[in-house]
Amino acid sequence: MPEGDSVWRAAAQLHAALAGQQLLSSDFRVPRFATLQLGGWTVNEVVARGKHLLMRLQGPADRTPAEQDRLTIHSHLKMEGTWQVYPPGGRWRKPGFTARCVLRTAAADAVGFSLGILEVVRTADEDSVVGHLGPDLLGSDWDLAEAELRIRAAPDVPIGVALLDQRNLAGIGNIYRCEACFLSGVHPAAPVSTVAELPALITHAKVLMEANLSPGRRTTVLNARGVPVGRTPGRPGYWVYRREHQPCLRCGTPVRRGVLANGAGSEERDIYYCPVCQPFPAASADS
Ligand SMILES: [Zn+2]
């Protein structure tokens, strides 16, 4: 699964290429929308909502009744998906048979490859596709208290599972899940009820994602001023993620990999943690 920052960057790139542009043609290579033709429609904006991409379009005034002149192309990258922007008629870097959506304008072609979800809904009905999401860590309407409330509603769920549940809060994938738990000294399998500093843990995830909105290698190793120092060649980019058997950057203990059930995708069942910095909570005296 992508992390929310990848989707945010994809939305920013697509917005820069397409916003204000009229589509010369559209080509939806999925059965449900194979006959849909959005040539003449104008892209108003492209935004990310958690890990979902929303391209909002406006119909040609002379042809579209006002009540249905706003459509949203909703996509989700899932495991392998990507959107790429090319100069008009430019040669694709991915195999043509994996293309699911081709949008052509006078300025650029945008091609969505291997998209996990691709559908077109009325903009007024966007809630039917993203309304279930919790507060968006990178959204302008981010609400820490609401995210904490949603997570706390299921106190027995492992914190590592709760962080990936996009209904609680939207945008975290496996990397930020593991790294935020490390920075908070919390074992990813610990039940939510044992995590006293939940707001701080969530805030770690948000700060790490925001530090990675600019281009460059993703890293969670920041200095005290929030500058990503983990981009330096030869330095580890992550504290624990995919660093199994390597020494913890804080205490030197070998990092461990474990499996957390109830995770979404198979790749997201893997957790990485330092057994010393992130001890599993001891049973309380009265249990
Ligand atoms: Zn450690």
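Model, not experiment: these values are computed from the prediction.
From Trp83, atom CH2 reaches atom CG of Leu115 across 6.0 Å, with rounding to the nearest 0.5 Å. How far CZ of Arg29 is from OG1 of Thr98: 9.5 Å, rounded to the nearest 0.5 Å. For the atom pair CG of Leu38 and CD of Gln58, the computed distance is 13.0 Å after rounding to the nearest 0.5 Å.
Contacts of Pro31 classified as side-chain contact (heavy atoms from CB on, under 4.5 Å), with partners at least two apart in sequence or in another chain: none.
Other residues, nucleotides and ligands contribute over 12 non-hydrogen atoms within 6.0 Å of the CD atom of Glu244. Within 6.0 Å of atom CZ in Arg56, more than 12 heavy atoms from other residues, nucleotides or ligands are found, so the atom counts as buried in its surroundings. Heavy-atom contacts from other residues, nucleotides or ligands closer than 6.0 Å to CZ of Arg167 number 12 or fewer.
Residues Phe33 and Leu53 share a hydrophobic cluster, clusters being chains of Ile/Leu/Val/Met/Phe/Trp/Tyr side chains in contact below 4.5 Å.
Among pairs with a residue in residues 178-206, those fulfilling salt bridge (Lys or Arg N to Asp or Glu O under 4.0 Å) read Lys206-Glu210, at least two apart in sequence or across chains.
Without hydrogens or angle criteria, Arg217 side chain to Gly230 main chain gives a donor-acceptor distance under 3.5 Å. The main-chain N or O of Val192 is found under 3.5 Å from a side-chain atom of Arg152 such that the two form a donor-acceptor pair. With hydrogens and angles ignored, the 3.5 Å screen pairs no side-chain donor or acceptor of Trp239 with any backbone N or O of Leu183. Here the side chain of Thr123 pairs a donor or acceptor atom with the backbone of Leu71 at under 3.5 angstrom. The backbone N or O of Asp5 sits nowhere less than 3.5 Å from a side-chain atom of Glu3 that would complete a donor-acceptor pair. Checking side-chain atoms of Gln166 against main-chain N and O of Leu164 turns up a donor-acceptor pair under 3.5 Å. For the pair Asn212 (side chain) and Leu208 (backbone), a donor-acceptor distance under 3.5 Å is present. Although no hydrogens or angles enter the test, the distance criterion places a donor-acceptor pair under 3.5 Å between the side chain of Arg243 and the main chain of Pro247. Side chain of Glu119 to main chain of Ser75: no donor-acceptor pair is present (N/O by atom type, distance under 3.5 Å, no hydrogens or angles). Using modelled atom types, one side-chain atom of Asp136 and one backbone atom of Gly50 make a donor-acceptor pair closer than 3.5 Å.
Remark: Arg49 does not engage Glu126 in a salt bridge, criterion side-chain N to carboxylate O under 4.0 Å.
Ring orientation note: the planes of Tyr273 and His187 are tilted relative to one another, at an angle of 30° to 60°. Ring geometry for His76 against His52 counts as perpendicular: the plane angle is over 60°, on a 0 to 90° scale with 30° as the lower cut.
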